[in-house]
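Only this structure's heavy atoms are used, side chains among them; waters, hydrogens and symmetry mates stay out. Letters A, B, ... mirror the listed sequences (proteins, then strands); counts begin at 1.
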Protein chains: 4
Amino acid sequence: MITDKKELIREAAVKVIAREGFYNTKTSKIAEEAGVAVGTIYNYFQSKDEILEYIFEVEFEKRINYLKKLDRKDLSIYEKLTMFIEKHFQEIKNNLDTAQILVREKEFPKTSDFSSILSYLNEIPSLLESMLEEAKEKGEIREQNPTITAGLIFGALQGVVEKSLRTNNLELLDSAEEEVINFFKKGI
Amino acid sequence: MITDKKELIREAAVKVIAREGFYNTKTSKIAEEAGVAVGTIYNYFQSKDEILEYIFEVEFEKRINYLKKLDRKDLSIYEKLTMFIEKHFQEIKNNLDTAQILVREKEFPKTSDFSSILSYLNEIPSLLESMLEEAKEKGEIREQNPTITAGLIFGALQGVVEKSLRTNNLELLDSAEEEVINFFKKGI
Amino acid sequence: MITDKKELIREAAVKVIAREGFYNTKTSKIAEEAGVAVGTIYNYFQSKDEILEYIFEVEFEKRINYLKKLDRKDLSIYEKLTMFIEKHFQEIKNNLDTAQILVREKEFPKTSDFSSILSYLNEIPSLLESMLEEAKEKGEIREQNPTITAGLIFGALQGVVEKSLRTNNLELLDSAEEEVINFFKKGI
Amino acid sequence: MITDKKELIREAAVKVIAREGFYNTKTSKIAEEAGVAVGTIYNYFQSKDEILEYIFEVEFEKRINYLKKLDRKDLSIYEKLTMFIEKHFQEIKNNLDTAQILVREKEFPKTSDFSSILSYLNEIPSLLESMLEEAKEKGEIREQNPTITAGLIFGALQGVVEKSLRTNNLELLDSAEEEVINFFKKGI
DNA sequence: GATGAATGAGTATTCATTCAT
DNA sequence: AATGAATGAATACTCATTCAT
């Protein structure tokens, strides 16, 4: 099935890109890791750029779907945030390589169409933002600029992940979850 | 004088890299922007990589020096954090291009010696961490893991900056400063 | 087949390098002469240096194999030398371009691994030397230092070839063979 | 005096080129070795190529002058050859670096005017040739092709020098002189 | 669909040479 | 004459992409 091989290549790419960085990753390395020929990659992706795009797409969709589902539920902002953060850390622990990529790869080629990545990068903060906006109106949280708070939360999560990965201190991730939730509850 | 021309090239590089991204920046473009010949760049830098390294070096040194100075003063953690964040936002507003680079360029070639960048990236959170540790011991702030909090603060700042730059919403930066300070005061 | 294309490139390189000299030969010229793209060269050779190395390798191996075979046979030193010189001139006449290169390219970059060329350059005189040593012990030739005689023979052959090529006097090569044999018979 | 500084640069160039090879020698290295600025080199030489040319010129002139002087004297070919070879080895021992260059640098840029080097490279064999021609006519030596013999002698001398330098066996040079003379006496 | 050899546009870097001081 | 920073043409090598098998 086409899906299987595309997934095989995506996973191989995740491994290699996490290790080497996107710009330093050769398509031949991805092919090697996936156990296929270079040409095969191009049967499933139009370009190397598109692979990175797809990695972001898959991962962000998980968060966004989860966030959208959460948003529909009748929960307090504290519960929603807690659940989102738990989901986020759970995904990260499941796949550290992907986390590495999401957190590191922020330079996108101008030429290619990375608009989809950018929209994903905007969409999560946007959803958080609208959740916060609503909570603010309900008086659940104090007066604040939800755009800023959303950017701050999104960035903070990345900061913690980056710190854990950079210092290769994975136990940090375990304790981080609770701390982060705690912090945001007080902060907002 | 060597310093002048090196600085000229650094500033030109900041402009171009902020616009194009490091990996998409050609040395010839930097030279053009600086109004010098390509060869001249190599009289002041060993490689293209070294330019990026130097940009980080200059900028981080400002923060680190400021943080170190703060740390020596007899101020509450709230005051220290406030002042650091103010300084940070001030530097960002002074030079948005540099901010863009600091926030975006996170993929470092394995081959080159980017260890100095990495040490800069670690040093700010480390300084924050030791400040938080001390404050915790003094009972200024609640029980918490300072490593995580420091990573969180560092990430949150980047998140806000990234959001502002990505949406090209510079007024956001103005309001962000106060909001962020407020948030951290409550959070810690 | 890999061998065919590598050989195609080697032969093109021989032509161009003989004409232009190694340091003045551009990889693009070799590619053009071979009728392949520049990139193709690098599918068969690691670097431009390696091409020169390979040219020497191929050519020296012919002589060395021949010398080793000769050495095993029960022939007088005069017969052996005669046959080696005949073989040498025959190879030269077969491929003047290669001869030009062997005789001219003596400056090897320090950085690259030209140790294999150097070992080739040593091996022929070494084999000659051991043949002379044995002949001396048998009393076939007069008392002498075989190391010097071997270096002298090897150099003399190059001198004659160089002279012929420099003056573009190819008939010289024809008469040279007999003269050289004659000379060495008397000299040793 | 202009001569002094030109000589200073020539000697520095000889040292560096012997060590690194002409194509791998940077003008800046020559300047450094000479203790002058790069620009200064260009006050005495038109180009880097011209330095190599000058090195050959100086050295060959010594041999040629000596050969011409010898030729005028009323000596047997054996005496002449003996004296020339003695002179040659003496010069080599006096300056091994120069010897290295004379023996190794045989690839000359097409663009530059290396005709003077080439004429020098031809002139020594030519003088030897005319001496041999004369000797042959006088019946001093056996019937032979003097062009070939001259090329052979010139090459043999280079071969011995190269062998000594390559194996870094300088004692070889000492014993070589006598052996070589002996060899040629018998050979011609 | 899968392959991987061939492609060639693209680019960092070098270094001989110049020339203002 | 001496300097050495500035120059920019020149070039080896890379690697994403293609396409014939």
Side-chain angles (χ1 to χ4, degrees), chain A residues 1-2 5 9 23-32 34-51 109 111-112, chain B residues 1-2 4-6 9 23-32 34-51 112, chain C residues 1-2 4-6 9 23-32 34-51 112, chain D residues 1-2 5 9 23-32 34-51 109 111-112:
Chain A
M1 263 156 297
I2 206 177
K5 194 146 276 183
I9 293 168
Y23 284 93
N24 294 295
T25 291
K26 294 165 200 130
T27 49
S28 60
K29 273 281 172 198
I30 296 175
E32 194 187 327
V36 300
V38 247
T40 305
I41 292 177
Y42 287 84
N43 289 335
Y44 298 93
F45 297 94
Q46 304 263 12
S47 67
K48 185 187 161 190
D49 287 355
E50 214 187 79
I51 302 175
T111 45
S112 294
Chain B
M1 274 140 290
I2 204 176
D4 281 347
K5 193 143 277 181
K6 190 173 186 180
I9 293 168
Y23 285 94
N24 294 296
T25 291
K26 295 161 207 35
T27 51
S28 59
K29 276 280 172 200
I30 296 175
E32 194 186 327
V36 300
V38 233
T40 304
I41 292 177
Y42 289 86
N43 290 337
Y44 298 93
F45 297 94
Q46 305 260 14
S47 65
K48 187 187 156 192
D49 286 356
E50 214 186 79
I51 302 175
S112 295
Chain C
M1 274 141 292
I2 204 174
D4 280 347
K5 193 144 278 182
K6 191 172 186 182
I9 293 168
Y23 286 93
N24 295 296
T25 291
K26 295 159 208 39
T27 50
S28 58
K29 275 283 173 200
I30 296 175
E32 195 186 325
V36 300
V38 230
T40 304
I41 292 176
Y42 288 87
N43 290 337
Y44 298 93
F45 297 94
Q46 304 259 14
S47 65
K48 188 186 154 191
D49 287 356
E50 216 187 80
I51 302 174
S112 294
Chain D
M1 261 157 300
I2 207 178
K5 193 145 276 180
I9 293 167
Y23 284 93
N24 294 295
T25 291
K26 293 163 200 133
T27 50
S28 60
K29 274 281 173 200
I30 295 174
E32 194 187 328
V36 300
V38 246
T40 305
I41 292 177
Y42 287 83
N43 290 334
Y44 298 93
F45 296 93
Q46 304 263 12
S47 67
K48 185 188 161 192
D49 287 356
E50 215 187 79
I51 303 175
T111 46
S112 294

Using whole Å, what does the distance between atom [atom2] of nucleotide [N] and atom [atom1] of [X] come to?
| X | N | atom1 | atom2 | value |
| --- | --- | --- | --- | --- |
| B:K26 | F:dG8 | NZ | C1' | 18 Å |
| A:I41 | F:dA16 | CD1 | P | 9 Å |
| A:K48 | F:dT14 | NZ | C1' | 11 Å |
| B:E32 | E:dT11 | CD | P | 14 Å |
| A:Y23 | E:dG10 | OH | P | 16 Å |
| C:N24 | F:dA9 | CG | P | 20 Å |
| A:Y42 | E:dT3 | OH | P | 15 Å |
| C:Y44 | F:dC13 | OH | P | 18 Å |

Determine which nucleotide pairs with E:dA16, using a 3.5 Å limit on both distances of a Watson-Crick or G-U wobble pair.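 Pairing partner: F:dT7.
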Any strand is fair game: report the nucleotide pairing with F:dT21 by Watson-Crick or G-U wobble, both distances under 3.5 Å, or none.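 In the structure as shown, F:dT21 has E:dA2 as its Watson-Crick or wobble partner.
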Using modelled atom types only, decide if a donor and an acceptor are shared between the side chain of B:K48 and the backbone of B:T25 within a distance under 3.5 Å.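 Yes.
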Can you work out whether B:G35 or A:T25 has the more 5'-proximal nearest nucleotide on DNA chain F?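 Looking at the nearest nucleotide for each, B:G35 comes out on the 5' side.
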Quick check: on DNA chain F, is the nucleotide nearest C:T40 upstream (toward 5') of the one nearest C:T27, or the reverse? Name the residue that is more 5'.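 Result: C:T27.
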So which nucleotide from E:dA9, E:dT13, F:dT17 ends up closest to the side chain of C:V38?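 Nearest to the side-chain atoms of C:V38, counting from C-beta on, is E:dA9.
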Quick check for you: among F:dT7, E:dT13, E:dA2, whose closest atom lies nearest to any side-chain atom of B:S47?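 Taking heavy atoms from C-beta onward, the closest nucleotide is E:dT13.
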What's the shortest heavy-atom distance between D:A37 and D:A31, and which atoms?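 Nearest heavy atoms, D:A37 then D:A31: C-CB, 3.9 Å.
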Closest approach of B:T27 and B:I41, non-hydrogen atoms and distance?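 For B:T27 and B:I41, the tightest heavy-atom pair comes out as O-CD1, 3.5 Å.
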Say you draw a straight line from CZ of D:F45 to CD1 of D:I30; how long is it, rounded to the nearest 0.5 Å?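 The CD1 atom of D:I30 is 9.0 Å from CZ of D:F45, to the nearest 0.5 Å.
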Kindly compute the distance separating OH (B:Y42) from CD (B:E50), expressed to the nearest 0.5 Å.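 B:Y42 atom OH to B:E50 atom CD measures 10.5 Å (nearest 0.5 Å).
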Report yes if at least one side-chain N or O of C:N43 is closer than 4.0 Å to OP1 or OP2 of E:dA5; otherwise report no.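 Checking E:dA5 against C:N43, no side-chain N or O comes under 4.0 Å of OP1 or OP2.
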Please determine whether a side-chain nitrogen or oxygen atom of D:K29 lies at a distance below 4.0 Å from atom OP1 or OP2 of E:dC15.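 Result: no.
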For D:Q46 and A:G39, find the nucleotide of DNA chain E closest to each by heavy atoms; which residue's nucleotide sits nearer the 5' end?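 First, find each residue's nearest nucleotide; the 5'-ward one identifies A:G39.
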